[in-house]
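Keep in mind it's a predicted model, so treat the numbers as computed, not measured. Just so you know, these numbers use all the heavy atoms, side chains as well, and skip hydrogens, waters and symmetry mates. By convention in this document, chain letters (A, B, ...) are assigned in the order of the sequence lines, proteins followed by strands, and residues within each chain are numbered from 1.
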Amino acid sequence: MILDIDISLPLTLGCGQAHRWQRQGDVWEGVVDGKVLLLRPREGGVEAIGHLSRSRIMDYLRADDDLDAIYGSVAVDALMRDLTARYRGLRLLRQDPWECLATYLLAVNANVKRIGSMVEGLCRTFGDDLGGRHAFPRAEQIWERHQELDACRLGYRCQRMRSLAASVANGELVPDELRGLSYDECVHRLKNIPGVGDKVADCVALFSMDHLQAFPVDARIGRSLRENYGVSGSYHRCSAFGRGRFGPYAGYAQELLYQSEGESSWLGQTQAGGL
DNA sequence: CATCAACCTGATCA
DNA sequence: ATGATCAGGTTGA
């Protein structure tokens, strides 16, 4: 199936916003809605293989986002004009709220590589076997056998995951219901969850709840703001700067800055430069 | 409201 | 090889 969409798969799927995509050559393999999905660049679009409908995939890839309008809106200075040109085709994804929340709960104080290993471990332990890959587990699946969380090497995230799985499994918390709320209310509710602070709440709001003005500030974005804009200080201060400067699509600006900062630090350490 | 130590693991440094 | 150091958000003092 060929999808008519302007997108860079490496930038979109490899930038760290989602953690279940694996690259094999130019083919990207991920798991969406409990189904394996293969994506490959094609002239003028993307080829998709898997048991997902066209509309479901287009929804996941946020094909409804008008990249020209969004990039134009965040290109408020020379740096952002450069990044919007350099990283054209980088899209935010519209991830499942439960999976996104659970994933970013684990992402606390961990780098991208470790997040991936914790998430894959969680999926192997609790998720449906899809033959090779595993689905992201439902909260009930984790809660039913939550003793096995102890072997997942989650550190102090273990108790938080147990607690989160319990409250979602028993219906106390319904991640999908947070989708309809305003940005402020959404973040407020998320931060009431043990283990969810400013950064995780902003990530979940941005990556799964359509709040494109969210501007998550992690260590990398903090460095970028300091280097490029001379901004530092509290989370609130940095995040408010991002939202104020870049506007309603600040989340897109954040991803562009994240990508840029990642490449510059990567080049700094990799003298050999191959690849 | 700002600061800061403690938390857990894996990677990297001496 | 072994131990020290560091990276990375949230919490509560």
Using a heavy-atom cut-off of 4.0 Å across all strands, would you classify A/Arg223 as base, sugar-phosphate, or nothing?
sugar-phosphate
Would you say the side chains of A/Glu263 and A/Tyr87 form a donor-acceptor pair under 3.5 Å?
yes
Any salt bridge linking A/Asp65 with A/Arg91? Criterion: basic side-chain nitrogen under 4.0 Å from a carboxylate oxygen.
no
Under 3.5 Å side-chain donor-acceptor pair for A/Asn228 and A/Glu261
no
Pairs counted only when both distances fall under 3.5 Å, Watson-Crick or G-U: show me the 5' to 3' dot-bracket for DNA chain B, [ ] for pseudoknotted crossings and | for other-strand partners.
..||||||||||||
Distance in angstrom units between A/Leu106 CG and C/dT10 P, rounded
13 Å
May I ask you to decide whether A/Glu29 forms a salt bridge with A/Arg40, counting only side-chain N to carboxylate O separations under 4.0 Å?
no
Nearest-Å distance, CD (A/Gln159) to P (C/dG9)?
22 Å
Whole angstroms only, please: what is the CG-P distance between A/Asp150 and B/dC8?
12 Å
Separation of atom OH in A/Tyr235 from atom P in B/dA2, rounded to whole Å:
15 Å
Is there a continuous path of hydrophobic side-chain contacts, each under 4.5 Å between heavy atoms, that joins A/Ile2 to A/Leu52?
no
Check whether NZ of the Lys or CZ of the Arg A/Arg220 lies under 6.0 Å from the centre of the six-membered ring of A/Tyr258 and within 45 degrees of that ring's axis.
yes
Whole angstrom value for the distance that separates P of C/dT10 from CG of A/Leu190
11 Å
Rounding to an integer number of Å, can you tell me how far A/Leu105 CG sits from C/dG8 P?
19 Å
If Ile, Leu, Val, Met, Phe, Trp and Tyr residues are connected whenever their side-chain heavy atoms lie under 4.5 Å apart, and connections chain through other members, are A/Val112 and A/Val200 in the same group?
yes
Under 3.5 Å, is there a donor-acceptor pair between the A/Asp202 and A/Tyr183 side chains?
yes
Ring centroid separation A/His19 to A/Tyr104 under 6.0 Å:
yes
Going 5' to 3' along nucleotides 9-14 of chain B, which nucleotides have protein heavy atoms under 4.0 Å from the base (write B), which only from the sugar-phosphate (write S), and which from neither (write -)?
BSS---
Mind checking A/Ile193 for me? I need base, sugar-phosphate or nothing, with any heavy atom below 4.0 Å counting as a touch.
sugar-phosphate
Could you state the atom-to-atom distance from CD of A/Glu261 to P of C/dG8 in whole Å?
10 Å
Between A/Met118 (CE) and C/dG8 (P), how many Å, whole number?
14 Å
